[in-house]
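All remarks here apply to the structure that follows.
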Amino acid sequence: MSNRLKVTPNDLSAFWMGFTPNRQFKKAPRMVVSAKDMHYTSSDGRQILDGSAGLWCVNAGHCRPKIVEAIQTQAANLDFAPTFQFGHPLAFELANRLVDIAPAGLEHVMYTNSGSESVDTALKTAIAYHRAKGNGSRFRLIGRERGYHGVNFGGVSVGGIVGNRKMFGTLLTGVDHLSHTHNLAKNAFTKGEPEHGAELADELERIVALHDASTIAAVIVEPVAGSTGVLVPPKGYLKRLREICTKHGILLIFDEVITGYGRLGTPFAADYFGVTPDIMVTAKGLTNGVIPMGAVFVTKEIHDAFMNGPEHVIEFFHGYTYSGNPIASAAALGTLDTYREEGLLTRASELAPYWEEAVHSLKGEPNVIDIRNIGLIGAIELAPIAGEPGKRGFNCIVRGFEHGAMLRITGDIIALSPPLIITKGQIDELVDHVRDTIRAVA
Ligand code: PXG
């Protein structure tokens, strides 16, 4: 008998979990078995308030009827269809719907299956665009310290989180990084966008002076850095970055995997900050996290640069088997319907003032060294336990789950990003959970 047949049901050893301390988890698993709206149900039958919209993706809340129905219907009707050389209507309908809600100027959409793939699609498109325009020397990609752009080689190369980079060799060559904008000394406990740091965008001029603009393809940043612990851009920073990119013919890529689909109270962060990128990377909230899917938006100018040569020849050698998968497309359409019917792409703007006060009420709790917020995102930075960075944060995950809240942690920073359907009462409840947790781990 093979060893596989001896495996007992629910043995936890075979699944090597991502971004998880596997040995600890398997000794004391935190399992959820179902979900509805704002709550998970744990395997021991407790209601767990979702403080992080899953992994920043369940923007409409869990198991929403329109999305469930769309998936069920589609699975029984057209399960898979290629989008290479063939097509199916939903993928086109979805692209039109997406362009309708996107910032003006972003007129074409490519599909992927994740944020990581969306990022790599964007980076490749940027380099290929310059080449299509006869500027093949523009190959450099500029990211930012503390940036997170997924886990594929392109995204890790432009990303700036050391733990995600250090194990993987040389990564892509021809990459440089801007400084991050986090500045506790000047900006701690700022509500919304910090006052100090717009001048950090000028570092792009320094990088241009070093490499020459003629070698630089694109700059990629998260408008609000999420994974690294919620870094809200200083006032004017993104506008300045846009101006410098435009001046030097460098494409600006916004990674809106977290900020997209209503998180800041506008459909996209580009709308919130009034800054339109040349390429916009999305995933997560596109399907409410239910089916893996990403979408990369590009300008007409970028798209049209590829549309030449003989008409029977493929214009761009890129795409994924599951790009525009019918069931994913149906899930996304069901999600967009739900967002529209419930006004979810702008709901965070109504809740933001209440949210801001609630999150900042944690000032003065033990070890709290900063609180940040924007839209329906909040972060509480805790002082690390001496000599054990990340331990206090980890304790928050464990304690929070035991007492009924799913909290997302980066190092010693608690990052809050609940589903956009949250009520004011549930905001209070979530903040109370965080308060209790912070006190418990002090
Ligand atoms: N870009 C950004 C800005 C992201 O936040 C990705 C790309 C990659 O997406 P995929 O779908 O390939 O995972 C992300 C993902 C966290 C957390 O707790 C954040 C992400 C993923 C998992 C956990 O902050 N962001």
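For ligands, and for the atoms within them, numbers begin at 1 and follow the listed sequence. Heavy-atom basis, side chains included; hydrogens, waters and symmetry copies ignored. One-based numbering along the sequence shown.
With sequence neighbours left out, Ile413 forms a side-chain contact (heavy atoms from CB on, under 4.5 Å) with Arg146, Arg372, Ala379, Glu381. Tyr261 is linked by a ring pair (Phe, Tyr, Trp, His ring centres under 6.0 Å) to Phe268, counting only residues two or more places apart in sequence or in another chain. For His318, the ring pair (Phe, Tyr, Trp, His ring centres under 6.0 Å) partners at least two apart in sequence or on another chain are Phe316, Tyr320.
A salt bridge does not link Glu203 with Arg240: every distance from a Lys NZ or Arg NE/NH1/NH2 to an Asp or Glu carboxylate oxygen is 4.0 Å or more. Of the charged side-chain nitrogens involved, none lies within less than 4.0 Å of a carboxylate oxygen, so that Asp100 and Arg97 do not count as a salt-bridged pair.
For ligand 1, the 4.0 Å heavy-atom shell contains residues Leu55, Trp56, Ser114, Gly115, Ser116, Tyr148, His149, Gly150, Glu222, Ser227, Asp255, Val257, Ile258, Lys284, Arg408.
Proximity of the aromatic rings of Phe297 and His108 is defined here by a centroid distance below 6.0 angstrom, and this criterion is not met.
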